[in-house]
Amino acid sequence: MQKPATAPSTNAHWQQTDRLATIGTLTTGIAHELNNPIGYILSNLISFQLYLPIFIQYFDILQALARCSDTEQKRLLQQQLASLEQQENLQFLLNDTQSLLNDSVQGASRVRDLVLDLRRFSHPDHAEFQRLELRPLLEMALRLSKNELKNHITAECLLEPASIWLQGQPAALTQVLVNLLLNAAQAIGANTGLIRITAVQTGASLELCIADSGPGIAPQILPQIFEPFFTTKAPGKGTGLGLPICQSIVQQHGGSISVGSSALGGAAFTLRLPAETTTASGDSSSG
Ligand SMILES: Nc1ncnc2c1ncn2[C@@H]1O[C@H](COP(=O)(O)OP(=O)(O)O)[C@@H](O)[C@H]1O
Ligand SMILES: [Mg+2]
């Protein structure tokens, strides 16, 4: 059986190949994730474009009314205001504008976050070792994989303690998390399923487990799953590079990865990594 090559250049090359393949897998979902908010932001802006002249008209009448001293003229302007209010259902337009704007801000934030995630996933700055917190990294991996989990897979995340810090390469660790999430989602397939992520820090060590409710891994292929190019997926679906890359990245971080079966019925991948024993504020943490 072939063992993963350890030459750094080969590793770096595989890591890049796997990242591109992962981005390829995620592209359709990410395009959808971007297209959806952009679609409704645009339609909200078009609605607002239609409402604005009505608001301007109302405002113009109000201004005229404020400047007007003639009683008869005032009465006419007030009539105009009332009929505009009724004709255009001004109260509805105002309420609707409020929700159009709220939705658009939310949608634009989603687009911004996803674009930031993609940049973080590919930017060289994030290839450097640095002090980082686990939770935002997990949240980013979950956002990137969101569309692959679709609506039928629930992802649970439990961190103990809530804030866990480590030294690592954010882009590479995200690649590990996304790979494991995608494998879990692909194993669950079209069925309803659950992915449970648990991270427990004990002193200077972190145990991160990604368990799924899929069919699990047959014992006869278990010894092969970390071999480069070993895949049980159809051509074009799997490269067989995900797990060997995960293993190599985790080892570069001074950790290890192992596989077992999960209480959910499927596979469970456990990463053991060194963790930082000081919190963000520099306080000593007992773990
Ligand atoms: N969560 C999982 N559940 C079941 N089988 C899995 C899981 N993760 C990995 N595998 C098995 O390990 C193989 C290798 O995984 P990987 O290296 O990520 O390559 P790929 O996903 O491209 O097939 C998969 O083809 C699959 O057979
Ligand atoms: Mg894979």
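Position 1 is the first residue of the sequence; numbering continues from there.
The closest side-chain donor-acceptor pair between Asp18 and Asn179 falls under 3.5 angstrom. When only modelled atom types and interatomic distance are considered, Glu207 and Thr270 share no side-chain donor-acceptor pair under 3.5 Å. Judged purely by distance below 3.5 Å, without hydrogens or angles, the side chains of Tyr58 and Glu85 pair a donor atom with an acceptor atom. The closest side-chain donor-acceptor pair between Asp103 and Tyr40, if any, does not fall under 3.5 angstrom.
Thr277 places no side-chain N or O within 3.5 Å of a backbone atom of Ala204 that could act as its donor or acceptor partner. Gln175 places a side-chain N or O within donor-acceptor distance of the main-chain N or O of Gln15, the cut-off being under 3.5 Å. Side-chain atoms of Arg19 come within 3.5 Å of backbone atoms of Phe121 as a donor-acceptor pair (strictly under, hydrogens ignored). Judged by distance alone, with hydrogens and angles left aside, the side-chain atoms of Gln130 form a donor-acceptor pair with the main-chain N or O of Glu128 at under 3.5 Å. Using a distance-only test at 3.5 Å, with no hydrogens or angles considered, no donor-acceptor pair links the side chain of Gln201 to the main chain of Trp165.
Using cut-offs of 30° and 60° for the angle between ring planes, the Phe55 and Phe48 rings count as tilted.
Linking Ile, Leu, Val, Met, Phe, Trp and Tyr residues whenever their side-chain heavy atoms come within less than 4.5 Å places Ile56 and Leu84 in a single cluster. Hydrophobic clustering of Ile, Leu, Val, Met, Phe, Trp and Tyr side chains at less than 4.5 Å, counting indirect connections, keeps Leu142 apart from Leu26. Both Leu81 and Leu77 are assigned to one and the same hydrophobic cluster, defined by single-linkage of ILVMFWY side chains at heavy-atom distances under 4.5 Å. At a threshold of 4.5 Å between side-chain heavy atoms, the hydrophobic network of Ile, Leu, Val, Met, Phe, Trp and Tyr places Phe269 and Val200 in two separate groups. No continuous path of hydrophobic side-chain contacts links Leu273 to Leu158 [ILVMFWY only; heavy atoms under 4.5 Å].
Two residues are said to be in side-chain contact when any heavy atoms from C-beta on lie closer than 4.5 Å; Arg75 and Thr71 fail this criterion. For the pair Leu243/Phe230, no side-chain contact is recorded, criterion being any heavy-atom separation below 4.5 Å from C-beta on. Taking the side chain as every heavy atom from C-beta outward, Arg272 and Ser258 approach each other to under 4.5 Å. The shortest side-chain heavy-atom distance between Pro170 and Leu137 falls under the 4.5 Å cut-off. Within the 4.5 Å cutoff, side-chain heavy atoms of Leu134 are placed close to those of Leu208. Side-chain contact between Leu34 and Val115 is present, with heavy atoms from C-beta onward closer than 4.5 Å. Side-chain contact between Leu149 and Lys146 is absent, with no heavy atoms from C-beta onward closer than 4.5 Å. Between Thr25 and Gln186, some side-chain heavy-atom pair lies under the 4.5 Å cut-off.
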Could you walk me through whether Ser163 and Arg135 satisfy the side chain to side chain contact (heavy atoms under 4.5 Å, CB included) test, starting with their C-alpha distance in whole Å, then the side-chain angles of each, then the deciding distance to 0.1 Å, before giving a yes or no? CA-CA 7 Å; Ser163 173; Arg135 183 179 293 280; over 6 Å; no

Are Thr17 and His13 close enough, and set up right, to give a side chain to side chain contact (heavy atoms under 4.5 Å, CB included), and what steps lead you there? CA-CA 6 Å; Thr17 306; His13 174 74; 3.8 Å; yes

Side chain to side chain contact (heavy atoms under 4.5 Å, CB included) assessment of Leu173 paired with Leu166: CA-CA 11 Å; Leu173 289 176; Leu166 60 155; 4.0 Å; yes

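No more than 12 heavy-atom neighbours from other residues, nucleotides or ligands sit within 6.0 angstrom of NZ on Lys74. At most 12 non-hydrogen atoms from other residues, nucleotides or ligands lie less than 6.0 angstrom from CD of Gln86. With a 6.0 Å radius and a threshold of 12 heavy atoms from other residues, nucleotides or ligands, Asp70 has its CG atom above the threshold.
The only member of Val178, Val176, Leu177 that meets side-chain contact (heavy atoms from CB on, under 4.5 Å) when paired with Thr174 is Val178.
Between Arg110 and Asp113 there is no salt bridge, since no side-chain nitrogen of the basic residue lies less than 4.0 Å from a carboxylate oxygen of the acidic one.
Between the CD1 atom in Ile38 and the OG atom in Ser43 there is a gap of 13.0 Å [rounded to 0.5 Å]. Within the model, atoms OG1 of Thr27 and CD1 of Ile23 stand 7.0 Å from one another, a figure rounded to the nearest 0.5 Å. Between Leu264 atom CG and Leu194 atom CG the span is 5.0 Å, to the nearest 0.5 Å. A distance of 8.0 Å separates OG in Ser145 from CD1 in Ile195, rounded to the nearest 0.5 Å. We find the CG-CD1 distance between Leu181 and Ile197 to be 5.0 Å, quoted to the nearest 0.5 Å. One distance of note links CG of Leu138 with CZ of Arg143; it measures 11.0 Å at 0.5 Å rounding.
Partners of Leu118 by side-chain contact (heavy atoms from CB on, under 4.5 Å), not counting sequence neighbours, listed by chain and number: Ile30, Leu144. In this structure, the ring pair (Phe, Tyr, Trp, His ring centres under 6.0 Å) partners of Phe129, at least two apart in sequence or on a different chain, are His253.
Of all heavy-atom pairs between Gly189 and His152, the closest is O-NE2, 2.7 Å. Shown here for Ser104 and Asn44, the closest heavy-atom pair between the two residues is OG-ND2, 3.0 Å. Across Ser256 and Val250, no two heavy atoms sit closer than the pair N-CG1, 3.3 Å. Of all heavy-atom pairs spanning Pro37 and Gly107, the tightest one is CB-O, 3.6 Å. When every heavy atom of Ile188 is checked against every heavy atom of Ser213, the shortest pair comes out as CD1-OG, 4.0 Å. Taking all atoms of both residues into account, the shortest heavy-atom contact from Ala268 to Ser262 is CB-CB, 3.6 Å.
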